[in-house]
Amino acid sequence: MNISEDMFRIEEKWQKRWSEARLFESTPDGRDKFYATYPYSYMNGLPHIGHAFTVLRVEFQCRYRRMRGYNVLFPFAFHCTGVPIVAAAKRIKDGESTQMQIMRSMGITDRQVKKFSEPEYWTRYFPKRWENSMRRLGMSIDWRRKFITTPLNPSYDSFVRWQFNVLREKNYVRLGSHAVIWCPKDNIPVGDHDRVKGEGETPTEYTLLKFRTDEGDFLVTATLRPETAFGQTNLWINPEADYVRALVDNEVWILSKEAADKLTEQGRKLTVKGSLKGEELTGAYAFSPTMGKRLVVLPAPFASPSKGTGIVTSVPSDSPDDYIALKDLKRKAENDTLEPSIAHAVVNIEPVEIIDTPGYGTLPAKTVVDRLNIRSQKDKEKLDRAREEVYREGYYKGVMLERCAEYAGLTVDAARSAIRKKLLESGDADTMYEPSGEVVCRCLTRCIVKVVSNQWFLAYGDQKWKEDTHEAIASMRFYPPLVRKQFEHVVDWLKDWACVHHTGLGTTLPWDDAWKIESLSDSTIYMAYYTIAHVIQKGKITSDRKLGQAFFDYVFLGIGDSDEAAVQSGFSRSKTEEMRKEFLYWYPMDMRNSGKDLVGNHLTFAAFNHVAIFPREHWPRSYGVNGWITISGTKMGKSAGNSLYLDDAIARFGADVTRLTEAYADEGFDDPNFDTGFAETAGKRLLQMLDTAKNLNSLDDSGENSMDVWMMSMMARHYGGYIAAMEDMSYKNAVKSALVDMQNSARWYIKRRGTPNRRTMRKFAELQVMMLAPFTPHVCEEAWEAMGNQTFVSTQLMPEPSTMIENAGALAGEGYLEGVIADISEILKVTEIVPEKITIYTAAKWKTHLLIAEQTGNRNDSSAIRKQLSSGVATREMEKFYRNLSRERQSGRLKSIAETAGVIDEHRLLNENTDFLAKEFRCRIEVPDGDAAGVEDRAGRRENSFPLRPSIFVE
RNA sequence: GCGAGGGUAGCCAAGUAUGGCCAAAGGCGGCAGACUCAAGAUCUGUUCUCGAAGGAGUUCCUCGGUUCAAAUCCGAGCCCUCGCACCA
């Protein structure tokens, strides 16, 4: 028998039956509802087991809730908004090899691939593939509600337009300007994925400082450290580079040609009046407002015209570069290789102490240069290290010195912004942006920062909006609970979000069609759209029906009346009212689960937008967050060469095993592990379960005994653990309870009982099938059917946990027996005796009575018992007993010993099981009555016996 | 730097909130046995050290503390992972 073929046959069979029975098409009814969602995935690729992991966390919960009596809605859709699809299509068109390789790995042949040069094709192709994969995985999704985003789906498009109109009315969408990394050749913003170099680099803000020359022009320098303005000793200019004189407002600025271009892109008006070489300015003087004197301009080959303005202030006290450059110049001055006028200026320059950095003194640049033994400007590597160290230490620990006027005593951090502000106000400074590091566009052009004006923002920085969102977060549940803190923090640091772009696919802004709404902004409240999507789109991924404001106002907000909404939408009035009712039934969303990457954006945005648009009772109820899947411990990633597509996983392991392995990978917030080793063997376990179900009828229904009581108790215990785990979304624990723990108990039960009882085994099989059904629904349906049920286990109600009862006596008794077996095994192992006979002496009754009396602190009882005993029992045994008693008291075990000893009869238990023990140890077993007189005491062991610790003698 | 989380036996990992029943669940891997012509699969046992009697010793990043008692509480330190955005 081929295991995987068997599994595939079962999986197909049940997927077909579910679909025929429309089992997961959810409609409102009288039951409590449970509405859960997964953030729709981006349609530029196929699902891999990482996507599957996240979706399955929703799926498991949905299937579980369905079996606990909830009316469950689990919809699915496809995200197409933004640049990636368009960019990938373009790469196909260009025949780019990496992209072609990616397509091939997804099973797309070179002949088919041409079609993908058209972005629209992606939006039709991948949703199909995703739905197919999800169906093959056995997901309990209501597929009637699927859709795609962007204007390619006019109905959804009108929904997003409605959303933005509402946001704008409430003043949550605002106009502003915004700095982006920009390619000057392509004239577009360059996101991380479009960069050849510089991923993660962002625009940073430089302070421009202006120095008036004797001619009345301004030399303009750029710095990230305006607080060093009090330590300037001179200016640096690159003698070889080209500079321009440009008219800015009414001033003439001197700066590098590149800098002038950049400032123009950043929205500044510059009129270039003329150009000059850097060397024309060396030896000139310019006035520093912070120093209150003129500074000399010195030649510096290291001053790059493409960085900043190409002119730099020199602060040798705090800049290792400046310090070392100055040192070099001084050396040249001494050797008479400098022009006399410059040489004269150079020898008089000394660093000015402005910042005290603990551990570095007041001249940190000198300190570090000396320590690292940097000899010249050519020592690039060491200089980089020095610069970084001084910068970091100064920023976090440095304090401004006396000569920094009103800033004295401030930390560098505080002084920086204060000084900058002051200089900006006095007109001695200005602002310029630069990328935080070098960024190169795919077109191989070096990127700059552009300030885009008239940019629309979602005002996540708005204080009131933040407060409301905090309330929403406070009212929510989180899985795992510790992510709550993350969310609280994100709400605080979120700033205004540029919500529109010029490129990619997306809904145009209703009031300005030059802009398209970007992908993280058109996907924040669409969970509301799911509730009516099947009515509007009739199960298709797109619908041409356009819907107006009044329609959505009525259906989602209850504003206006159904007549107007009906007219505007073309739906009948009753259809419109039906949609309103359906929305009200399903909303709010009870749970949304995603990968942890969406905490800092999407999930928080969704909370913000719900707060802005919907009344409090429709805010989300809970979020689940999970980590990134690893495959057998190594990170999954295309670059690492070990990504596993869902389709491939299903083909290799089957849907149920894939699901079970994903469930077993669950690890809260840390990265879960898809354990292929577990997957390899899981299929067999599932088929064993199926076999058990099939073979129930061949079992005897002989009378029940204590082992059946025990088995039922263990089932109750495992079921309790299972329920708790499911409620917490701790799927690994749930699988452990349902599969491992249940199985182990059954094995022990069968071993102990010899032949299992049919009724007990049936209860066991039914319970286990139900417990596993959320995880491995196909094989569970098969087993359920094999047990003679006509219904689907998928919609079967699980038992109420309170109806499952643990029998404490049965559990304690069996636990006791296992303890005795373990002790005997231990003795046999150590002594290496092959036993002929094992004698087990249980503690005499009086010991148990005494122990309980002592534990409960009933002195009267214990002294009475002692008195009674004093004549009959040897004092030595009494002493031993008390010694053991105090030891157990010390260890804290006394209480549980007393409790257990109170509910079991040790002697009877062992006596009843001598046959089993004899079989287990292959020898004779004797259990003399500890209370009977004249019992033979082998090797004087009898008197050592203690409650729950019988004495054992092996011979 | 800011924010969040973490360091447990060969590996992965539960336990930490509520200290004692914790030499510490479970899974992988290893070892031994059963089955088999054999291999694989499966099943059983075992897997910190020592031990000819169920015991003892040493463990849960490091150091120190609280306590009759610490993987668990407190303090200090070392190390690791993730996020810090306009990018899905």
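Chain naming here is simple, since letters A, B, ... match the order of the sequence lines and numbering starts at 1 in each.
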Mind checking what makes side chain to side chain contact (heavy atoms under 4.5 Å, CB included) contact with A:Val820, not counting sequence neighbours?
-> A:Tyr816, A:Ile824, A:Ile840, A:Leu910, A:Pro950
A:His602 near the nucleic acid: base, sugar-phosphate alone, or nothing, with a heavy-atom cut-off under 4.0 Å?
-> nothing
Assess whether one donor atom and one acceptor atom, taken from the side chain of A:Lys736 and the base of B:rA25, lie less than 3.5 Å apart.
-> yes
By side chain to side chain contact (heavy atoms under 4.5 Å, CB included), which residues pair with A:Asp597, not counting sequence neighbours?
-> A:Trp628
Who passes salt bridge (Lys or Arg N to Asp or Glu O under 4.0 Å) against A:Glu488, sequence neighbours left out?
-> none
Please list, chain by chain and in numerical order, all residues satisfying side chain to side chain contact (heavy atoms under 4.5 Å, CB included) with A:Pro435, sequence neighbours excluded.
-> A:Ile181, A:Val439, A:Val449
Qualifying residues under salt bridge (Lys or Arg N to Asp or Glu O under 4.0 Å), relative to A:Asp741, sequence neighbours excluded | none
Any side-chain N or O of A:Lys495 under 4.0 Å from OP1/OP2 of B:rA85?
-> no
Non-neighbouring partners of A:Glu806 that pass salt bridge (Lys or Arg N to Asp or Glu O under 4.0 Å), sequence neighbours left out = A:Arg717
Distance between P atoms of B:rG19 and B:rU72 (Å, rounded) = 12 Å
Nucleotide by nucleotide, nucleotides 50-55 of chain B touches protein heavy atoms under 4.0 Å in the pattern (B base, S sugar-phosphate only, - none) -BSBBS
A:Arg592: partners by salt bridge (Lys or Arg N to Asp or Glu O under 4.0 Å), with sequence neighbours left out | none
In plain terms, say whether A:Arg477 and A:Glu727 are close enough for a salt bridge, that is, a side-chain N and a carboxylate O under 4.0 Å apart.
-> no
Footprint string (nucleotides 27-36 of chain B, 5' to 3'): B base within contact, S backbone only, - free, heavy atoms under 4.0 Å | SS--------
